[in-house]
Enquirer: 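Quick one: this structure, given as structure tokens, is what I'll be asking you about.
Source: prediction; values computed, not measured.
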Amino acid sequence: MTKINQIHIEPGKKVYFASDNHLGAPTREESLPREKKFVGWLDTIKQDAAAIFLMGDLFDFWFEYKKVVPKGFTRTLGKLAEISDSGIPIFYFVGNHDLWMNGYFEEELDIPVFHKPQEVLLNKTTFFIGHGDGLGPKDKGYKRMKKVFTNPFFKWLFKWLHPDIGVRLAQYLSVKNKLISGDEDAKFLGEDHEWLAQYSRRKLEQKHRDYFVFGHRHLPLEIDLNQKSKYINLGDWISYFTYGVFDGTDFKLLTYDSHSTH
């Protein structure tokens, strides 16, 4: 299984984090301006990126058949290929809308894909990172659905649907069904009740990490877990257009403005 151990950040370089684009939702027409904005961000950060972490739900639905992937997203995939080919490492963490990645990103884009959270050392700073779905005491509806969606028999059954039928059905359910999305309304629950913060605090009891970085909640959040550890939620590229940047010393949560530099 692929793991990330350590990334050395040269002076002047930075590591970038982004999550929850949900490209394709609710329609291609409404998604396209957001996709172009995201590609513009990728174009900007490639100038000084030491690495890029994409933290899941880049697409609102993604399923890999043996010889077929969903149509669209050419601008995004092309830009990721360009950046990867230039030697900048990109790491992808699957979310609850793209659980069914199975080799395409690795083979076509040379981007490793992770299905579980990972611990990585950036210079001397320890990060624990993942999409965040199904972690902590909440998300119960999604946890039940995830068991179904990741079941080998369910995946085998879905593959027997013609892609035109399967993808259209999945896209409809992805937009309409809150149980499948796993997300409650994007409302701040309070520092003591945010379940990914609660999850992070429990992980701290086992081992210190400087930063816990997740997506999934669609809210840009920075919560101090103790004096030396912080929980970050990256927000999304639907309402907030926020991203994380680490320069080797400090982590910042910023908002992308296509009319200014990052």
Side-chain angles (χ1 to χ4, degrees), residues 2-24 31-60 62 69-70 72-95 98 101 103-114 118 120-123 125 127 129-131 211 213-215 220 232-262:
T2 304
K3 290 185 178 181
I4 320 166
N5 294 317
Q6 184 173 3
I7 296 175
H8 177 66
I9 306 171
E10 299 284 350
K13 295 291 186 178
K14 301 173 182 177
V15 175
Y16 291 91
F17 303 78
S19 186
D20 292 278
N21 302 71
H22 291 266
L23 298 179
S31 169
L32 186 57
R34 295 190 285 108
E35 180 177 9
K36 290 181 177 179
K37 189 169 184 175
F38 180 65
V39 169
W41 176 73
L42 290 171
D43 236 352
T44 301
I45 69 169
K46 71 181 183 183
Q47 309 302 326
D48 64 2
I52 300 171
F53 287 83
L54 300 179
M55 308 295 291
D57 288 356
L58 177 60
F59 314 106
D60 199 58
W62 183 270
V69 297
F73 321 117
T74 304
R75 294 167 181 82
T76 298
L77 295 173
K79 183 57 63 177
L80 292 177
E82 173 197 325
I83 292 173
S84 178
D85 288 348
S86 75
I88 298 171
I90 303 173
F91 305 98
Y92 195 89
F93 288 74
V94 302
D98 45 25
M101 287 192 166
Y104 182 78
F105 265 44
E106 292 95 333
E107 295 166 9
E108 190 67 24
L109 305 176
D110 196 26
I111 295 176
V113 173
F114 301 89
Q118 298 285 313
V120 60
L121 194 65
L122 304 183
N123 284 0
T125 304
F127 283 74
I129 54 183
H131 181 65
Y211 292 99
V213 182
F214 297 104
I232 306 288
N233 198 282
L234 295 168
D236 66 20
W237 283 74
I238 300 171
S239 301
Y240 297 100
F241 302 96
T242 44
Y243 64 96
V245 56
F246 181 68
D247 63 4
T249 303
D250 298 316
F251 188 101
K252 294 181 180 179
L253 197 57
L254 303 176
T255 301
Y256 177 62
D257 180 353
S258 57
H259 301 293
S260 65
T261 58
H262 64 291

Enquirer: Do Asp57 and His131 have a side chain donor and acceptor closer than 3.5 Å?
Expert: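 Distance-only check passes for Asp57 and His131.
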
Enquirer: Per the side-chain contact (heavy atoms from CB on, under 4.5 Å) rule, which among Ile111, Val113, Leu80 passes with Leu54?
Expert: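 Testing Leu54 for a side-chain contact (heavy atoms from CB on, under 4.5 Å) against Ile111, Val113, Leu80 leaves exactly one candidate, Leu80.
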
Enquirer: How many angstroms lie between CD1 in Ile45 and CD1 in Ile52, if you round to the nearest 0.5 Å?
Expert: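 Between atom CD1 of Ile45 and atom CD1 of Ile52 there are 3.5 Å.
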
Enquirer: For Gly12 and Asp48, work out which heavy atoms get closest and say how close.
Expert: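 That would be O-CB, 3.7 Å.
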
Enquirer: Working to the nearest 0.5 angstrom, can you tell me the gap between Leu121 CG and His8 NE2?
Expert: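 Here the interatomic distance stands at 11.5 Å.
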
Enquirer: Counting N and O atoms only, with roles assigned by atom type, does the side chain of Asp236 sit under 3.5 Å from a partner on the main chain of Ser239, one being a donor and the other an acceptor?
Expert: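 Here the side-chain-to-backbone pair exists.
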
Enquirer: Write down the atom of Ile129, the atom of Phe93, and the distance for their closest heavy-atom approach.
Expert: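 Distance-wise, the nearest heavy atoms are O-CE2, 3.6 Å.
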
Enquirer: For a 4.5 angstrom cut-off between non-hydrogen side-chain atoms, does Phe241 reach Trp41?
Expert: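 Phe241 vs Trp41: side chains apart.
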
Enquirer: Is there side-chain contact between Val120 and Gln6, with at least one heavy-atom pair below 4.5 Å?
Expert: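 No, side chains not in contact.
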
Enquirer: Quick one: pull up CG in Asn21 and CD1 in Ile238 and give me the separation to the nearest 0.5 Å.
Expert: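 Here the interatomic distance stands at 8.0 Å.
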
Enquirer: Examine Phe17 together with Phe127 and report whether their ring centres are nearer than 6.0 Å.
Expert: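 Yes, they do, as the ring centres are separated by less than 6.0 Å.
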
Enquirer: Tell me whether Asp85 contacts the main-chain N or O of Glu82 through its side chain, where contact means a donor paired with an acceptor under 3.5 Å.
Expert: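 Answer holds: no.
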
Enquirer: For the pair Phe105 and Trp62, name the ring-plane relationship: parallel under 30°, tilted 30 to 60°, perpendicular over 60°.
Expert: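 Correct class here is perpendicular.
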
Enquirer: State, to 0.1 Å, how close Leu254 and Val245 come at their nearest heavy-atom pair, and which atoms those are.
Expert: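 Reported closest heavy-atom pair: CD1-CG1, 3.6 Å.
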
Enquirer: Do Leu234 and Tyr243 come within less than 4.5 Å of each other through their side chains, counting heavy atoms only?
Expert: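 Side-chain contact under 4.5 Å: no.
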
Enquirer: Is there a side-chain contact between Leu122 and Phe251 in this structure, where contact means two heavy atoms from C-beta onward sitting under 4.5 Å apart?
Expert: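 Of all side-chain heavy-atom pairs linking Phe251 with Leu122, none is under 4.5 Å.
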
Enquirer: Taking only residues two or more places apart in sequence or in another chain, which ones pass side chain to side chain contact (heavy atoms under 4.5 Å, CB included) with Asp110?
Expert: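 Asp110 satisfies side chain to side chain contact (heavy atoms under 4.5 Å, CB included) with Ser84 only.
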
Enquirer: On a heavy-atom basis, which atom in Lys37 and which in Tyr256 lie closest, and how many Å separate them?
Expert: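 Nearest heavy atoms, Lys37 then Tyr256: O-CE2, 3.5 Å.
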
Enquirer: Taking all heavy atoms of Ser19 and all of Gly56, pick out the closest pair and write down the distance.
Expert: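 Heavy atoms only, the tightest pair is OG-O, 3.6 Å.
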
Enquirer: To the nearest 0.5 angstrom, please state how far the NE2 atom of His22 sits from the CZ atom of Arg34.
Expert: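 It comes to 8.5 Å.
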
Enquirer: At what distance, to the nearest 0.5 angstrom, does CZ of Phe214 lie from CG of Asp20?
Expert: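 If we round to the nearest 0.5 Å, Phe214:CZ and Asp20:CG are 13.0 Å apart.
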
Enquirer: What are the two closest non-hydrogen atoms of Lys36 and Arg75, and how far apart are they?
Expert: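 Heavy-atom minimum between the residues: CE-NE, 3.8 Å.
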
Enquirer: Answer yes or no: is there a donor N or O on one side and an acceptor on the other, between the side chain of Glu35 and the main chain of Leu23, under 3.5 Å?
Expert: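 No, because the side chain of Glu35 does not come within donor-acceptor range (under 3.5 Å) of the backbone of Leu23.
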
Enquirer: To the nearest 0.5 Å, tell me how far Phe59 CZ sits from Ser31 OG.
Expert: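 So the gap between those two atoms works out to 10.0 Å.
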
Enquirer: Yes or no on side chain to side chain contact (heavy atoms under 4.5 Å, CB included) for Gln118 and Phe91, after CA distance, side-chain angles and deciding distance?
Expert: CA-CA 11 Å; Gln118 298 285 313; Phe91 305 98; over 6 Å; no

Enquirer: So, Asn123 side chain and Ile9 main chain: donor-acceptor pair closer than 3.5 Å or not?
Expert: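 Pair found, side chain donor or acceptor close to backbone of Ile9.
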
